[in-house]
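Notes to accompany the following structure.
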Amino acid sequence: SLGETRQAAAVFVEAAELARRSDDDRRLAVVLFQLGRALQVEEEFAAAEQAYRERLDLLRGLKEREPRAEGIALHDLGEMLRAQGSFGEALEMLREASRVAREAGELGGAAFSLLALAQTHEEADEPEAAESAYRERLGLLRSLPEREPREEGQTLRALGELLEARGEGA
């Protein structure tokens, strides 16, 4: 329930303060992820954005980088920016999330970020860029060793709807 989510957010704020005091950046990054998720559920997008930004900064500052976690942090930040209508920066974060995930060999994560990228381009009234992102996602999904028909179908439907809205048919 919403009340429990609010309580969880308060607990994560306290846990983050303790992690900051102990100089445990990895623990703090995990807690900031949890805090961001709880704030996101409450639709506290600006506060979630702040938690995700701090998490991304921490992850980028680690001596031993964690590309998978960094890709997720970029994606989450992009989604929060998108939710607030900051499409330009959201697109930058989502594009970078896809790149980082791909470089880390996390092709499913890259495809997930490409979907959000395409949807954000659509919301920003950039249909050509949305089409390009959908096609890139489709190509990536089709290159996976284990194909995901549901994901491919979702992408084809979204691409078809986009083309239809532009009067080009599928």
Side-chain angles (χ1 to χ4, degrees), residues 1-2 4-5 8 12 26 29-45 48-49 51-53 55-56 59-60 64-170:
S1 77
L2 199 56
E4 289 169 343
T5 306
F12 292 137
R26 287 184 196 285
V30 170
V31 172
L32 289 169
F33 171 77
Q34 294 168 314
L35 174 60
R37 286 285 194 259
L39 292 167
Q40 194 173 334
V41 168
E42 287 187 51
E43 297 186 2
E44 300 266 351
F45 299 133
E49 175 192 341
Y52 290 146
R53 278 189 193 281
R55 178 171 190 255
L56 181 59
L59 290 169
R60 285 180 166 166
E64 288 185 36
R65 299 288 285 268
E66 295 181 9
R68 181 177 183 280
E70 200 171 312
I72 292 168
L74 285 160
H75 181 96
D76 290 343
L77 179 55
E79 288 283 30
M80 285 309 88
L81 291 162
R82 171 185 172 193
Q84 296 173 84
S86 299
F87 297 129
E89 193 180 2
L91 290 166
E92 287 175 37
M93 294 297 150
L94 292 167
R95 171 61 64 195
E96 190 176 352
S98 175
R99 181 188 60 74
V100 167
R102 194 182 295 237
E103 288 174 5
E106 296 283 341
L107 300 183
F112 188 62
S113 291
L114 284 170
L115 177 61
L117 181 73
Q119 293 167 335
T120 305
H121 277 301
E122 280 197 80
E123 290 175 31
D125 198 27
E126 298 172 353
E128 292 84 7
E131 178 184 347
S132 176
Y134 281 130
R135 289 189 186 280
E136 184 179 348
R137 172 180 159 82
L138 191 59
L140 181 60
L141 288 170
R142 288 179 170 165
S143 76
L144 294 176
E146 291 195 27
R147 302 273 296 261
E148 299 185 28
R150 193 180 69 76
E151 296 293 321
E152 287 182 40
Q154 175 189 27
T155 306
L156 285 167
R157 274 192 314 279
L159 180 58
E161 290 168 4
L162 177 70
L163 294 173
E164 186 176 58
R166 287 171 46 196
E168 297 176 21

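Hydrogens, waters and symmetry mates play no part in the numbers below; they use all other heavy atoms, side chains included. Sequential numbering from 1 along the given sequence is applied to the chain's residues.
Note that CG of L77 and CZ of R55 are 11.0 Å apart. Values are rounded to the nearest 0.5 Å. With rounding to the nearest 0.5 angstrom, the CZ atom of F112 is 8.5 Å from the CZ atom of R137. With rounding to the nearest 0.5 angstrom, the CG atom of L32 is 11.0 Å from the CG atom of L56. Between the CG atom of L107 and the OG atom of S143 there is a distance of 6.0 Å, given to the nearest 0.5 Å. E128 CD to L162 CG: the interatomic distance, rounded to the nearest 0.5 Å, is 8.5 Å. Taking CG of L74 as the reference point, atom CG of L59 lies at 9.0 Å (rounded to 0.5 Å).
Within the 4.5 Å cutoff, the side chain of E152 has no heavy atoms near those of the L144 side chain. In this structure, the side chains of M80 and L39 stay at 4.5 Å or more apart for every pair of heavy atoms. Side-chain contact between L141 and R147 is absent, with no heavy atoms from C-beta onward closer than 4.5 Å. No side-chain heavy atom of R142 sits under 4.5 Å from any side-chain heavy atom of T155. No side-chain heavy atom of Y134 sits under 4.5 Å from any side-chain heavy atom of Q154.
With sequence neighbours left out, E44 forms a salt bridge (Lys or Arg N to Asp or Glu O under 4.0 Å) with no residue at all. For A104, the side chain to side chain contact (heavy atoms under 4.5 Å, CB included) partners two or more places apart in sequence, or in a different chain, are P67, E106. Residues satisfying the side chain to side chain donor-acceptor pair (under 3.5 Å) test with E70, not counting sequence neighbours, are R65.
Atom CZ of R68 sits in a sparse spot, with 12 or fewer heavy atoms from other residues, nucleotides or ligands closer than 6.0 Å. The local environment of CZ in F45 is crowded, with over 12 non-hydrogen atoms from other residues, nucleotides or ligands closer than 6.0 Å.
Here E49 pairs with R53 in a salt bridge; the nearest charged N to carboxylate O distance falls below 4.0 Å.
H75 and A116 get closest at one heavy-atom pair: CE1-CB, 3.7 Å. Closest heavy-atom contact between A97 and G71: CB-O, 3.5 Å. Here the shortest heavy-atom pairing between L94 and S113 reads O-CB, 3.9 Å. Pairing each heavy atom of R82 with each of T120, the nearest pair is CD-OG1, 3.0 Å. Among all heavy-atom pairs drawn from L81 and A90, the shortest one is CB-CB, 3.7 Å. What you find for A101 and G109 is that their closest heavy atoms are CB-C, 3.9 Å.
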Could you go through the side chain to side chain contact (heavy atoms under 4.5 Å, CB included) check for R37 and D76 one step at a time? CA-CA 9 Å; R37 286 285 194 259; D76 290 343; 2.8 Å; yes
Show, in sequence, the C-alpha distance, side-chain angles and deciding distance for R95 and L91, and conclude whether the side chain to side chain contact (heavy atoms under 4.5 Å, CB included) test is met. CA-CA 6 Å; R95 171 61 64 195; L91 290 166; over 6 Å; no
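The closest side-chain donor-acceptor pair between Y52 and E79, if any, does not fall under 3.5 angstrom.
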